[in-house]
Amino acid sequence: QVQLVESGGGLVQAGGSLRLSCAASGRTFSSYCMGWFRQAPGKEREFVAAISWSGGSTAYADSVKGRFTISRDSAKNTVYLQMNSLKPEDTAVYYCAAVRDYYDRTYYREAYEYPYWGQGTQVTVSS
């Protein structure tokens with residue numbers, strides 16, 4: 001019972017920044033752990049970051065730790081992914097995802113654990 005729509009993707013030079021947004025609607029936005037995944041051509045969808053429903057807990061893939069920041073604004077029912085120091089290897093379609101959670105945690109790291117997905121937004125980083 002949640003719908004997700006990503007936006008904010010685009011073409012950026014290496015070293016640049018982008019902020020992705022995920023607008024959520026549904027029964028209770030605050031009861032979902034929200035995640036970001038990405039998928040490059042010919043590769044499996046991989047975990048990028050997650051945030052608990054309270055925003056008090058976050059998790060990041062090692063490949064983006066220190067460069068990306070996930071956050072959420074409950075008043076706007078929106079999750080963000082601030083991406084700094086972008087590299088060409090960050091090029092992928094980025095997806096917002098949600099999983100129902102009752103314990104304000106970020107235990108979910110695999111794509112199959114997330115029942116709800118947005119349509120994706122393309123991020124291309126040029127060298």
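These numbers were taken from a predicted model, which means no experiment stands behind them. The analysis underlying the following values was restricted to heavy atoms, covering all of them including side chains, and did not include hydrogens, waters or symmetry mates.
Here Leu81 contributes atom CG and Thr121 contributes atom OG1; the two are 11.0 Å apart, rounded to the nearest 0.5 Å. Note: Tyr116 OH to Gln3 CD = 9.0 Å, rounded to the nearest 0.5 Å. Summarising the geometry, atom OH belonging to Tyr108 is positioned 10.5 Å from atom OG belonging to Ser52; distances are rounded to the nearest 0.5 Å. A distance of 10.5 Å separates OH in Tyr60 from CZ in Phe68, rounded to the nearest 0.5 Å. Atom OH in Tyr103 sits 14.5 Å away from atom SG in Cys33 (nearest 0.5 Å).
The two residues Ala98 and Val2 come nearest to each other via the heavy atoms CB-CG1, 4.1 Å. A pairwise comparison of heavy atoms in Asp104 and Gly55 identifies OD1-N, 4.5 Å as the closest pair. Scanning both residues, Asn84 and Ser17, for their nearest heavy atoms gives OD1-OG, 2.9 Å. In plain terms, the two heavy atoms of Thr78 and Ser21 that are nearest each other are CG2-CB, 4.2 Å. Closest of all the heavy-atom pairs between Ala14 and Ser127 is CB-CA, 4.4 Å. In terms of heavy-atom proximity, Val99 sits nearest to Glu113 at CG2-O, 3.4 Å.
Leu18 and Met34 fall within the same hydrophobic cluster, defined by Ile, Leu, Val, Met, Phe, Trp and Tyr side-chain heavy atoms under 4.5 Å apart, directly or through other members. Put simply, Val64 and Tyr114 are part of two different groups of oily side chains (I, L, V, M, F, W, Y) that touch within less than 4.5 Å, one to the next. Residues Ile51 and Trp117 fall into different hydrophobic clusters, defined by Ile, Leu, Val, Met, Phe, Trp and Tyr side chains chained together at heavy-atom separations under 4.5 Å. Under the 4.5 Å side-chain contact rule for hydrophobic residues, Tyr80 and Trp36 do not share a cluster. Residues Phe47 and Leu4 fall into different hydrophobic clusters, defined by Ile, Leu, Val, Met, Phe, Trp and Tyr side chains chained together at heavy-atom separations under 4.5 Å.
For the side chain to side chain contact (heavy atoms under 4.5 Å, CB included) test with Val123, the passing option among Leu11, Thr91, Val12, Leu20 is Leu20; the others fail.
Counted by atom type alone, Ser57 and Arg105 present zero donor-acceptor pairs between their side chains at under 3.5 Å. Using modelled atom types and a 3.5 Å distance limit, the side chains of Ser126 and Gln13 yield no donor-acceptor pair. Inspection of the Asp101 and Tyr107 side chains reveals no N or O donor paired with an N or O acceptor under 3.5 Å.
Distance alone, capped at 3.5 Å, places no donor-acceptor pair between the Arg72 side chain and the Ser54 backbone.
For the side-chain contact (heavy atoms from CB on, under 4.5 Å) test, residues two or more places apart in sequence or in another chain that qualify with Val93 are Tyr95, Gln122. For Tyr112, the side-chain contact (heavy atoms from CB on, under 4.5 Å) test picks out Glu110, with sequence neighbours left out.
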- request: List the steps, then state whether side-chain contact (heavy atoms from CB on, under 4.5 Å) holds for Gln82 with Ser71.
  value: CA-CA 8 Å; Gln82 179 66 46; Ser71 62; over 6 Å; no
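Residues Met83 and Tyr94 meet the side-chain proximity criterion, which asks for heavy atoms closer than 4.5 Å. Counting heavy atoms from C-beta outward, Glu6 and Gln119 have side chains that approach closer than 4.5 Å.
Sorted by first then second residue, the salt bridge (Lys or Arg N to Asp or Glu O under 4.0 Å) pairs that include residues 45-64, not counting sequence neighbours, are Arg38-Glu46, Asp62-Lys65.
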